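Written below as structure tokens is the structure these notes are about.
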Amino acid sequence: MSPVDGFGISNPNLPVDPAVSEGRVPGRNPQEIPELHEVDCPAELRERIEELMSRYPDRHSASIPALWSVQERYGWCTPDGIRQAAAVMRVTPAYLESVASFYDMLELEPVGRHTIYVCTNLSCQLRGAGEILGAMAEATDAPVGGSSPDGEFHLRSFECLGACDLAPMASVAGHYRGPLTPEDAFTIATQLRDGGSPADVLPEKRLREAQDDHQGGGRLEGGTA
Amino acid sequence: VSARILLQHAEVPGLNRIDTYERLGGYRGLRRALTEMTPDQVVKELEASGLRGRGGAGFSMGKKASFLPHGDIDKYLCCNADESEPGTFKDRELMHRNPHQLLEGVLIGAYAAGASHAFIYIRGEYDEQADILDAALTEAYSRGYAGDRILGSEFTCSLVVHRGAGAYICGEETALLDSLEGKRGNPRLKPPFPANQGLYQGPTLINNVETLCNVSHIIVNGAEWYKQFGTERSPGTKVVSVSGDVQRPGNYEIELGIPAREIVYGLAGGPAGGRRVKAWFPGGSSAPVLTAEHLDLPYDFEHMAEAGSMLGSGAIIVIDDSVPIVPIALRLAEFYRHESCGKCVPCREGTNWTVKMLERIDRGEATPMDLDVMADVQDNIIGNCLCLLGDSMAMPVGSMIKHFRREFEAHIEQQAARLRADGRVAGGTGFPVSVSDQAGLAVPATGDAA
């Protein structure tokens, strides 16, 4: 197809960009809204996204939650997953991809099974985040910003995660743990590799708040005066 | 020193469940507002209490609510729970410990604003807290505190917990609105302000988590009661997040106006090992740094502003005297470069150039003149963008150069001398021999300082 400029108008003077003319799925146009029968969207995913859309006065608001659902199902925002969500939401895949590419937590490339964010912002940096990041890379065999060869881990150095009271800390698949020592990195990696759940690693280093309260053993963090 | 309103019941087991919260007097504020007060009276009460926004700007909440037009228009309330300011973790603890306190504040706020839809925009990283809020929300709906005809009144309001996906900029109120509308989180031109034209083009009230957590207490106890805490112009308590080089990092609820030293040393224990405070951020990483001599100032909006900084989100990051300042400035600039949304050129380019110049300083390839160039770059960012992200880098970096210029100069000299000793620079011109040298000297992106 002919090159398209920002206004959707054919312009023969523009170079052909395969990302625009063919999209991330070769032969499919990301600027057209796919029909549901073309995308083979799993029923649960479709129902989930429809439920999300019903929460908002405007269905477009469901784009981030829908992308979360895609990522949850496929491990990352796959081109096919994005097309499926786009078909359900009646938006173009290009639109959803533009949203996904803006946000740090939505992955547009395949990543390892467990995502670990090591906070490397100021408060954690002051408390040795560099060392933790290095230890985590060694323990998981994943380069910073990449995934381990065995596909188990995805490691990222992340901006402030909002848990400077636990510095240095990391988010292990969404579960905050800290303050960490380099040895903890190896404990986390070993337990996850052995099939442990991210929610169960290093229980003594989780946020000591409401979860403890559930068991009736409420204990205040040192900080709360 | 410490007064407790928001964290009053924080240690009570099971506070996140509605039975416990109700037993401790929860949802009395909502009941009182809906049965005894008109929305205007709620707004007046909030205005009289002097409650100032706790997200950073410190604007009167009641006044902000009064800006919303009256009449039969679709109006919205957004709770900003995108707490991403480095050093800030108060909202996380408030939501984690006491989710119903927030929900009650949101619902009273929605009633005051006449909003039929309320959203809590929580950052994607706060997965655990979003789950806690979702569970609390289900409980609130089941008891009739949210949804149709709340507590038998005419007031109907839906409430949704909306998870972001990792973008600092979405804490900026108009970027938050774009993100909530399902777009990339780019800030909007103001005016129109969200109070007139916000979410879905409708009038929108946006408040921080901590601000809204105060609301039920004010409605139950009255504005006069609230004003007995804090100072005349900064009434109430503030949850302060203290982190960095202190012995007891954590959240502390204080009355505004106590000396900063009380917080840094008295509550958080000060730096370990007899070290001294070298610099501290009084309000998150966007606040210009202050030094040890400012520790005796009263910690409130006015005095922090007079000292050339700001109370901001109330996050104190302490840096002790063993830490060099250049890597701190570099790490900070890298953060803002990463988070700049790219919409405004001064911010997108300015943060990038600042990082490059700081890297040059760190490598020893800079001259003292570069410090002036850098100050010039900061001047060209401040006030020239749609939002304050660029300013938020320019101000603290500028303040570091101002307070620690000698250290920057010494760092430049020391690193340059090291380069010369390694034979990497010809004749001490301060410039690398070749481009490939420059590439070989690249500093690691993170963790090179602690």
Side-chain angles (χ1 to χ4, degrees), chain A residues 55-65 67-68 98-106 117 120-123 125-134 144 157-165 167 171 174-176 207 209-225, chain B residues 2 7 10-16 74 83-84 86-89 92-93 96-97 117 124-128 132 160 163-168 179-185 200 241-245 248-253 267 285 317 319 323 328 331-332 335 338-339 445-450:
Chain A
R55 295 182 183 187
Y56 301 91
D58 179 342
R59 68 191 151 86
H60 290 89
S61 284
S63 66
I64 292 176
L67 287 163
W68 273 124
S98 82
V99 173
S101 66
F102 187 85
Y103 298 94
D104 272 342
M105 299 175 75
L106 297 172
Y117 299 142
T120 50
N121 210 294
L122 281 189
S123 297
Q125 181 194 24
L126 288 165
R127 297 223 151 195
E131 238 181 300
I132 305 300
L133 186 63
V144 177
S157 119
F158 222 73
E159 299 299 359
C160 187
L161 288 161
C164 321
D165 45 345
S171 167
H175 302 273
Y176 280 19
L207 290 168
E209 289 154 315
Q211 290 109 323
D212 282 7
D213 297 347
H214 268 306
Q215 294 144 24
R219 198 176 84 77
L220 211 56
E221 254 171 84
T224 314
Chain B
S2 66
L7 292 170
E11 310 97 302
V12 176
L15 182 61
N16 55 335
D74 279 336
E83 181 176 62
S84 308
T88 316
F89 45 95
R92 187 206 80 216
E93 183 152 4
H96 203 130
R97 284 187 185 279
H117 297 277
E125 293 88 341
Y126 283 177
D127 200 24
E128 294 165 289
I132 290 169
V160 172
R163 297 171 201 226
Y168 170 73
S179 179
L180 187 48
E181 287 180 4
K183 304 172 189 154
R184 296 162 68 88
Y200 312 127
S241 307
V242 193
S243 67
D245 291 323
R248 293 188 294 275
N251 283 317
Y252 298 91
E253 185 168 5
L267 296 170
S285 71
I317 308 172
I319 298 163
V323 181
I328 298 285
R331 188 66 200 84
L332 201 69
F335 166 69
H338 176 83
E339 299 294 349
T446 51
D448 52 324

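Naming: A, B, ... by sequence-line order, numbering from 1 per chain. This is a predicted model, so every value here is computed, not measured. Computed from heavy atoms alone, side chains included, the values below leave out hydrogens, waters and symmetry copies.
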Seminar exercise, completed: chain A shares the most heavy-atom pairs under 4.5 Å, among D127(B), D245(B), T88(B), with D245(B)
Problem set entry | Reported OH-to-NE2 distance for the pair Y176(A) and H96(B), which is rounded to 0.5 angstrom | 11.0 Å
Problem set entry | Minimum-distance pair of heavy atoms, taken over all atoms of Y103(A) and G185(B) | OH-N, 3.2 Å
Exercise. Got a sec, which residues hit ring pair (Phe, Tyr, Trp, His ring centres under 6.0 Å) with H175(A), two or more places apart in sequence or on another chain?
Worked result: none
Exercise. Closest heavy-atom contact between G124(B) and W68(A)?
Worked result: CA-CZ2, 4.4 Å
For this session: Work out which heavy atom in R331(B) is nearest to a heavy atom in E159(A); give both atom names and the distance.
Result: NH2-OE1, 2.9 Å
Seminar exercise, completed: Of the listed P65(A), A163(A), P57(A), the one with the largest count of heavy-atom pairs under 4.5 Å with chain B is P57(A)
Problem set entry | side-chain contact (heavy atoms from CB on, under 4.5 Å) assessment of D104(A) paired with E125(B) | CA-CA 10 Å; D104(A) 272 342; E125(B) 293 88 341; 5.7 Å; no
For this session: Considering only heavy atoms and a distance below 4.5 Å, find which of G244(B), S285(B), G87(B) pairs most often with chain A.
Result: G244(B)
Exercise. Which heavy atom of S63(A) sits nearest a heavy atom of G182(B), and at what distance?
Worked result: OG-O, 2.8 Å
For this session: Any chance you could measure L122(A), atom CG, to S243(B), atom OG, to the nearest 0.5 Å?
Result: 8.5 Å
Seminar exercise, completed: Sequence neighbours excluded, the answer for salt bridge (charged side-chain N to carboxylate O under 4.0 Å, His left out) partners of E339(B) is none
For this session: Verify, without hydrogens or angle tests, whether R184(B) (side chain) and S98(A) (backbone) share a donor-acceptor contact under 3.5 angstrom.
Result: yes
Problem set entry | salt_bridge(R92(B), D165(A)) N-O dist < 4.0 Å | yes
Problem set entry | OH-NE2 distance between Y200(B) and H60(A), expressed to the nearest 0.5 angstrom | 10.5 Å
Exercise. Chain B heavy atoms under 4.5 Å from A167(A): which part of the residue, side chain, backbone, both or neither?
Worked result: neither
Exercise. Rounded to the nearest 0.5 Å, how far does CG of L207(A) lie from CD1 of I132(B)?
Worked result: 8.5 Å
Problem set entry | Side-chain touch H117(B)/Y56(A), heavy atoms, less than 4.5 angstrom | no
For this session: Would you give the length of the straight line joining atom OG of S171(A) to atom OH of Y126(B), rounded to the nearest 0.5 angstrom?
Result: 11.0 Å
Exercise. How many angstroms lie between atom CD1 of I317(B) and atom SG of C160(A), to the nearest 0.5 angstrom?
Worked result: 7.5 Å
Exercise. Looking at C164(A) and F89(B), what are the two nearest heavy atoms and their distance?
Worked result: CB-CE2, 3.4 Å
For this session: Give, as side chain, backbone, both or neither, the part of I64(A) having an atom under 4.5 angstrom from any heavy atom of chain B.
Result: side chain
